[in-house]
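These notes concern the structure reproduced below.
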Amino acid sequence: MIPFLFITNLITFGIFGFDKWQAQKHQWRISENALLGISLLGGILGAASGMVIFNHKTSKKSFLVKFVLVVLIDLIVFYRLIRH
């Protein structure tokens with residue numbers, strides 16, 4: 001499970017960086033739902049790191065609220081997986 005989480009977080013970090021790069025160039029963007037979806041698959045640390053390092057989606061309150069919900073869902077799922 002650790003290698004999966006490492007790879008997922010690394011990919012998620014890269015996707016957040018790529019989306020920020022695309023935003024700066026005013027080109028095609030990755031949807032917020034896709035960003036949240038990959039975060040939900042276990043990439044919350046990569047997503048949070050990408051948000052902070054690339055300063056991406058940090059001022060958009062609606063995204064932050066959804067992201068917090070994704071983090072809570074992930075924490076509940078991981079807790080249940082570890083407990084069983």
Side-chain angles (χ1 to χ4, degrees):
M1 182 163 197
I2 299 295
F4 170 77
L5 290 175
F6 178 76
I7 291 168
T8 303
N9 279 289
L10 193 60
I11 290 170
T12 304
F13 179 79
I15 289 172
F16 270 76
F18 176 74
D19 190 51
K20 177 65 176 194
W21 184 50
Q22 290 290 88
Q24 290 172 334
K25 296 188 322 179
H26 302 287
Q27 293 190 354
W28 175 84
R29 304 278 307 280
I30 298 169
S31 72
E32 286 188 359
N33 287 337
L35 292 173
L36 291 168
I38 193 144
S39 301
L40 185 62
L41 291 174
I44 55 176
L45 294 177
S49 300
M51 289 169 64
V52 172
I53 290 172
F54 301 120
N55 195 28
H56 190 48
K57 301 285 187 189
T58 55
S59 62
K60 192 163 185 186
K61 298 222 186 283
S62 63
F63 184 83
L64 291 175
V65 168
K66 293 173 191 173
F67 184 71
V68 168
L69 291 173
V70 165
V71 170
L72 291 174
I73 291 168
D74 263 357
L75 290 175
I76 291 167
V77 168
F78 288 141
Y79 174 76
R80 292 188 56 92
L81 283 173
I82 290 170
R83 189 147 160 104
H84 289 5

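Not measured: the values here are computed from a predicted model.
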Determine whether Leu64 and Ile38 fall in the same hydrophobic cluster, where Ile, Leu, Val, Met, Phe, Trp and Tyr are linked whenever their side-chain heavy atoms lie under 4.5 Å apart.
yes

Is there side-chain contact between Phe54 and Phe13, with heavy atoms separated by less than 4.5 Å?
yes

Is a side-chain N or O of Gln22 found less than 3.5 angstrom from the main chain of Trp28, in a donor-acceptor match?
yes

Taken to the nearest 0.5 Å, the spacing of Lys57 NZ from Leu35 CG works out to 6.5 Å

State plainly whether one hydrophobic cluster holds both Val70 and Ile30, where clusters connect Ile, Leu, Val, Met, Phe, Trp and Tyr through side-chain heavy atoms under 4.5 angstrom apart.
yes

Distance (rounded to the nearest 0.5 Å) between Leu40 CG and Asn33 CG:
11.5 Å

Do Val71 and Leu75 have side chains that approach each other closer than 4.5 Å (heavy atoms only, starting at C-beta)?
yes

First locate atom CZ of Phe78, then atom CG of Leu5, and finally report the distance between them rounded to the nearest 0.5 Å.
5.0 Å

Say whether Leu45 and Leu10 are linked into one hydrophobic cluster, either directly or through other cluster members, by side-chain heavy-atom distances under 4.5 angstrom.
no

Of the non-hydrogen atoms in Phe67 and Ala48, which two are nearest, and what is the gap between them?
CZ-N, 3.9 Å

Rounded to the nearest 0.5 Å, the CD1 atom of Ile53 sits from the CZ atom of Phe16 at a distance of 12.5 Å

Here the gap from Leu81 atom CG to Ile76 atom CD1, rounded to the nearest 0.5 Å, amounts to 12.0 Å

Would you say Lys25 has more than 12 foreign heavy atoms packed within less than 6.0 Å of its NZ?
yes

Can you tell me how far CG of Asn9 sits from CZ of Phe4, rounded to the nearest 0.5 angstrom?
9.0 Å

Specify the closest pair of heavy atoms between Ser39 and Thr12, including all atoms of both residues, with the distance to one decimal.
OG-CG2, 4.2 Å

To check you understand the geometry: which heavy-atom pair defines the closest contact between Thr58 and Met51, and what is its length?
CG2-O, 3.2 Å

Going by ring pair (Phe, Tyr, Trp, His ring centres under 6.0 Å), name the pairs with one or both residues in residues 30-52, residues two or more places apart or in two chains.
none

